[in-house]
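This report concerns only the one structure given below.
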2 protein chains.
Amino acid sequence: MLRIGEVAARAGVSVRALRYYEEQGLLEAERTPSGQRRYPEGAVGRVRFIQQMYAAGLGSADVLEVLPCVHTGVATPEMLARLVEQRDGIDRQVAELTQARERLDEIIRIGEEHVPGARSVTASPRR
Amino acid sequence: MLRIGEVAARAGVSVRALRYYEEQGLLEAERTPSGQRRYPEGAVGRVRFIQQMYAAGLGSADVLEVLPCVHTGVATPEMLARLVEQRDGIDRQVAELTQARERLDEIIRIGEEHVPGARSVTASPRR
DNA sequence: CTAAGACCTCACGTTGACGTCAGAGTCAAC
DNA sequence: GTTGACTCTGACGTCAACGTGAGGTCTTAG
């Protein structure tokens, strides 16, 4: 059983963040008689997943909806629908980002033309 | 010359947003003698660009750095560097999003396996 | 035994991109 | 000339994911 600081360090987040996740119902912890939190090893991966979802633009409530599937590996049709919805949301985001990237690239190309002396930091082909 | 409401409608943002952009130095407007803002047609496209950059995760300050190039079409080496930096930031974001998407997809697949032809939409299974 | 870290619970502060309300002036139509 | 839609400037509110003390308890190495 890990202490909160240990989990935070391994997952690359702050202690405060972990307490916040608990507050949001995203992360549970056992307690020692004195009230200190103790986490199983799996908590680290769980926290990483939460971070990943945040990075994908989901809010705490969305993550909360999605988490049961991750934990149990089983999903109701409802949950599946939500998962698919979130995935599609990410897809839309990627599309937007890609558009923005194209836009910037275009500006960069034009800029390079107009400042010929500059070291050519040519556009890396998008994967 | 367009009025602020017209620009807002065409660009799909709120009037408040336009005034905020002005406050941030992202969007300039002429003024009628009575003080009302009047925008040229190009403002709509400019606003769309700003929105796109926000969607890409840039803050007002970042957009402000990038905008001169868009406007003038000319870039100093410094500006180019910033542009490239922002573009790479977007690339990193896309990578993260793609990872998150994969993760969700994986969970969806597993979930589908465990609920192959289920029709229990109504009965909430007790957890 | 003791001192230094870790940890605990409030609870207020932060940041960014606006929302929203108040009170007042402006413009086009009827 | 008056109504009603539009606009103006402040200025406070919002929401999310934490940051940051304050004041006190726990644990453990020496």
Side-chain angles (χ1 to χ4, degrees), chain A residues 1-40 43-44 46-67 86 89 93 96-97 100, chain B residues 1-40 43-44 46-67 86 89 93 96-97 100:
Chain A
M1 296 299 253
L2 305 167
R3 309 180 65 164
I4 192 171
E6 186 69 18
V7 176
R10 290 198 197 175
V13 304
S14 71
V15 167
R16 175 69 172 96
L18 297 184
R19 293 202 265 253
Y20 175 73
Y21 297 162
E22 184 173 321
E23 205 176 317
Q24 301 300 307
L26 300 175
L27 188 62
E28 27 178 45
E30 289 179 36
R31 298 294 185 120
T32 68
S34 69
Q36 296 202 352
R37 295 172 179 82
R38 289 301 130 95
Y39 298 88
V44 177
R46 200 178 169 92
V47 170
R48 289 219 178 94
F49 177 79
I50 295 174
Q51 286 284 100
Q52 210 164 21
M53 292 304 110
Y54 279 152
L58 310 210
S60 293
D62 302 315
V63 181
L64 191 56
E65 277 184 350
V66 162
L67 262 177
Q86 296 299 349
Q93 259 193 81
E96 275 189 16
L97 284 180
Chain B
M1 295 300 251
L2 305 168
R3 308 179 64 167
I4 192 171
E6 188 68 20
V7 177
R10 289 198 198 176
V13 305
S14 71
V15 168
R16 176 66 172 97
L18 295 184
R19 292 201 265 252
Y20 175 73
Y21 298 162
E22 185 174 318
E23 204 176 317
Q24 301 300 308
L26 300 175
L27 188 62
E28 30 179 42
E30 289 179 35
R31 298 295 186 120
T32 69
S34 68
Q36 296 201 352
R37 296 172 178 83
R38 290 299 131 97
Y39 300 88
V44 177
R46 200 177 168 93
V47 170
R48 289 219 177 93
F49 177 78
I50 295 174
Q51 286 284 94
Q52 209 164 23
M53 292 304 109
Y54 279 152
L58 311 211
S60 293
D62 302 315
V63 180
L64 191 57
E65 278 184 349
V66 163
L67 262 177
Q86 296 299 349
Q93 258 193 80
E96 275 189 15
L97 283 180

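Between the side chains of B:Tyr54 and B:Ser60, a donor-acceptor pair is found at a separation under 3.5 Å.
Separating the CG atom of A:Asp62 from the P atom of D:dA16 is a distance of 11 Å, rounded to the nearest angstrom. Going from atom CD of A:Gln24 over to atom C1' of D:dA16 covers 9 Å, rounded to whole Å. Between B:Glu30 atom CD and D:dT7 atom P there is a gap of 17 Å when expressed in whole angstrom units. Between the CD atom of B:Glu23 and the C1' atom of D:dG10 there is a distance of 10 Å, rounded to whole Å. Going from atom CD of B:Glu6 over to atom C1' of D:dT7 covers 14 Å, rounded to whole Å. If you take CZ of B:Arg31 and C1' of D:dT7, they are 10 Å apart, rounded to a whole angstrom. In this structure, the OH atom of A:Tyr39 is 7 Å from the P atom of C:dC8, given to the nearest Å. For the pair B:Arg19 CZ and D:dC6 C1', the interatomic distance rounds to 10 Å; values are reported in whole Å.
Classification of B:Glu22 and B:Arg16 as a salt-bridged pair fails, no side-chain N sitting under 4.0 Å from a carboxylate O. Residues B:Arg10 and B:Glu6 are paired through a salt bridge, judged by an N-O separation under 4.0 Å between the basic side chain and the carboxylate.
Taking 4.0 angstrom as the limit, B:Tyr54 places none of its side-chain polar atoms (N or O) nearer than this to OP1 or OP2 of C:dG16. Here B:Arg37 reaches the OP1 or OP2 of D:dT9: one of its side-chain N or O atoms lies under 4.0 Å away. Contact annotation: A:Tyr20 side-chain N/O to D:dA17 OP1/OP2 distance is under 4.0 Å. In this model, the phosphate group of C:dG19 is approached by a side-chain N or O of B:Ser14 to a distance below 4.0 Å at OP1 or OP2.
Taking only side-chain atoms of B:Val15, from C-beta outward, the nucleotide of C:dC7, D:dT7, C:dC18 with the closest atom is D:dT7.
Within the 4.5 Å cutoff, the side chain of A:Tyr21 has no heavy atoms near those of the A:Val63 side chain. Residues A:Val66 and A:Phe49 form a side-chain contact, since some pair of their non-hydrogen atoms from C-beta on lies under 4.5 Å apart.
Across every non-hydrogen atom of B:Val44 and B:Leu2, the tightest pair is CG2-CD1, 4.2 Å.
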Discussion item. Is there a side-chain contact (heavy atoms from CB on, under 4.5 Å) between B:Arg37 and B:Glu30? Walk through the geometry before answering.
Written reply: CA-CA 6 Å; B:Arg37 296 172 178 83; B:Glu30 289 179 35; over 6 Å; no
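Within 4.0 Å (heavy atoms only), A:Ile50 reaches no atom of the nucleic acid at all.
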Close N/O contacts between protein and nucleotides 21-27 of chain C (under 3.5 Å):
| unit_1 | atom_1 | unit_2 | atom_2 | d |
| --- | --- | --- | --- | --- |
| C:dC27 | OP1 | B:Ser34 | OG | 3.1 |

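One N or O donor and one acceptor, one from the side chain of B:Arg16 and one from the base of C:dT20, sit under 3.5 Å apart.
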